[in-house]
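Scroll down for the structure; my scribbles are underneath it.
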Amino acid sequence: MTATTMTEEISARPPSPLFALTEPARAMFEVASFYAMRPFYSALPSGDGHGVLVLPGFMASDFSTAPLRRLLVDLGYDAAGWDLGRNVRVDNARVEAMSGCLDALYRRNEGRKVSIVGWSLGGVFARELAKMHPDKVRSVISMGSPISDDRGHSNAARLFEMLNGKEPEPLRNGRFTGLDKAPPVPTTSILTKSDGVVHWRGSVQKPEKDTENIEVVASHIGLGVNPAAIYAIADRLAQPEGEWKPFAPEGIPAMFFPKTIN
């Protein structure tokens, strides 16, 4: 075994079994924290009314993103789900349907660019939609997303391949390759080192123009309601269009964002 091969195997390992086993309990705590903090979220930065398309994770539906979308509406955004049922199949029809969701929200906002927030596999879709339609996308935020061409980072890889095959239809048509390359719009990856579904290294963006990684302490299935992730999402979405700057929390909020990614 070469040194290169050993490095690749280490970097593509799935998450710790301990993190995977404790996902449900940790997520329940995050849900409780979200609702306990809900009265204080009014202090988050207000939105400017632009559209935000929120995409669910693998095997999930709009139900999972409802708390986040309701909060974004309260903050002043035109937040919308994808209305495409469960996120199971990855085929050309689904890709075209997602493009239709983006276009509908773009038109509803009279041509204002749309931000896309995607959870897990939804974040992969968010990035790829922005690559396909950069003229309609303002920014992209992914949460715990496997933004790597190597599915070895995810515990869900086997189930994904059972349902979609090793080479889903879009891949056979030349799409969804180079997942690690960021789209040509400001792009944020929110990740957690205690992710029990996607190994955190599979969510790290390479340094490129207008890209960043934000680390939080969270479970994978609780990311969409995790208070630190919520703070980061609100901060990122509130930036004026064309004036993107890296995330730089100050004071007490900074305590909730570890800086240990390397």
Side-chain angles (χ1 to χ4, degrees), residues 7-37 54-68 86-88 90 117-127 140-164 166 168 179-180 188-206 212-233 247 255-262:
T7 301
E8 289 175 351
E9 288 188 358
I10 291 173
S11 64
R13 64 181 183 273
S16 158
L18 176 61
F19 290 151
L21 286 171
T22 58
E23 278 281 329
R26 290 186 289 136
M28 287 179 64
F29 176 77
E30 286 164 300
V31 170
S33 298
F34 174 85
Y35 286 107
M37 293 289 294
V54 185
L55 305 179
F58 181 50
M59 301 298 292
S61 68
D62 282 335
F63 179 80
S64 67
T65 66
L68 174 59
R86 289 194 177 275
N87 188 350
V88 178
V90 181
V117 178
W119 192 346
S120 195
L121 181 60
V124 176
F125 290 156
R127 290 164 62 94
V140 169
I141 301 171
S142 61
M143 298 184 287
S145 297
I147 51 176
S148 165
D149 287 320
D150 192 332
R151 295 187 196 131
H153 289 291
S154 175
N155 279 334
R158 183 173 297 180
L159 178 59
F160 177 87
E161 291 179 358
M162 284 177 56
L163 296 170
N164 292 284
K166 288 187 175 294
L179 296 181
D180 61 335
T188 298
S189 175
I190 298 176
L191 57 92
T192 169
K193 284 193 171 181
S194 55
D195 196 314
V197 177
V198 176
H199 193 284
W200 67 272
R201 289 195 181 277
S203 298
V204 175
Q205 294 195 100
K206 297 184 297 185
E212 63 182 349
N213 300 294
I214 299 176
E215 183 183 353
V216 297
V217 178
S219 67
H220 181 88
I221 58 178
L223 269 169
V225 290
N226 178 273
I230 294 294
Y231 181 94
I233 291 169
F247 185 60
M255 298 170 57
F256 298 94
F257 297 94
K259 297 181 179 179
T260 63
I261 299 172
N262 53 49

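The backbone N or O of V198 lies less than 3.5 Å from no partner atom in the side chain of S154, so there is not a single donor-acceptor pair. Side-chain N or O atoms of R127 include none that pairs as donor or acceptor with a backbone N or O of G118 at under 3.5 Å. Using a distance-only test at 3.5 Å, with no hydrogens or angles considered, a donor-acceptor pair links the side chain of D149 to the main chain of L179. At least one donor-acceptor pair under 3.5 Å links the side chain of S16 to the backbone N or O of L18. A donor-acceptor pair under 3.5 Å is absent between the side-chain atoms of E212 and the main chain of T188, judged by distance alone. Between the side chain of N213 and the backbone N or O of V204 there is no donor-acceptor pair closer than 3.5 Å. Between the side chain of S194 and the main chain of A218, a donor-acceptor pair closer than 3.5 Å is present. R26 places no side-chain N or O within 3.5 Å of a backbone atom of G222 that could act as its donor or acceptor partner.
Using a 4.5 Å cut-off on side-chain heavy atoms (C-beta onward), M143 and L68 make contact. Side-chain contact check for F19 versus H220: every heavy-atom pair is 4.5 Å or farther apart. Counting heavy atoms from C-beta outward, V88 and M59 have side chains that approach closer than 4.5 Å. In this structure the side chain of E215 reaches within 4.5 angstrom of the side chain of T260, judged on heavy atoms. You'll find the side chain of P67 reaches within 4.5 Å of the side chain of F34, heavy atoms only. Residues L223 and V216 form a side-chain contact, since some pair of their non-hydrogen atoms from C-beta on lies under 4.5 Å apart. Inter-residue side-chain proximity for S219 and F29 is flagged as unmet; no heavy-atom pair is nearer than 4.5 Å. Counting heavy atoms from C-beta outward, F58 and L159 have side chains that approach closer than 4.5 Å.
Remark: W119 CH2 to N87 CG distance equals 12.5 Å, nearest 0.5 Å. Residue S148 holds its OG atom at 4.0 Å from NE2 of H153, rounded to the nearest 0.5 Å. If you take CD on Q205 and CG on L191, they are separated by 9.0 Å, rounding to the nearest 0.5 Å. With rounding to the nearest 0.5 angstrom, the CD1 atom of I214 is 9.5 Å from the OG atom of S142. Note that CZ of R201 and NZ of K193 are 6.5 Å apart. Values are rounded to the nearest 0.5 Å. With values rounded to the nearest 0.5 angstrom, I190 atom CD1 is found 4.5 Å from I233 atom CD1.
Here the closest non-hydrogen pair linking S145 and S120 is OG-O, 2.7 Å. Nearest heavy atom pair, residue S64 against residue A60, reads OG-CB, 3.7 Å. Between G144 and S203, the shortest heavy-atom contact is C-OG, 3.6 Å. Summarising the geometry of G196 relative to A20, their closest heavy-atom pair is O-CB, 3.4 Å, with the distance given to 0.1 Å. The two residues P168 and R151 come nearest to each other via the heavy atoms CD-NH2, 3.4 Å.
Tested against E30, the residues I230, I221, N226, V217 include a single side chain to side chain contact (heavy atoms under 4.5 Å, CB included) partner, N226.
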Could you go through the ring-ring contact (aromatic ring centres under 6.0 Å, His included) check for Y231 and F256 one step at a time?
CA-CA 10 Å; Y231 181 94; F256 298 94; 8.9 Å; no
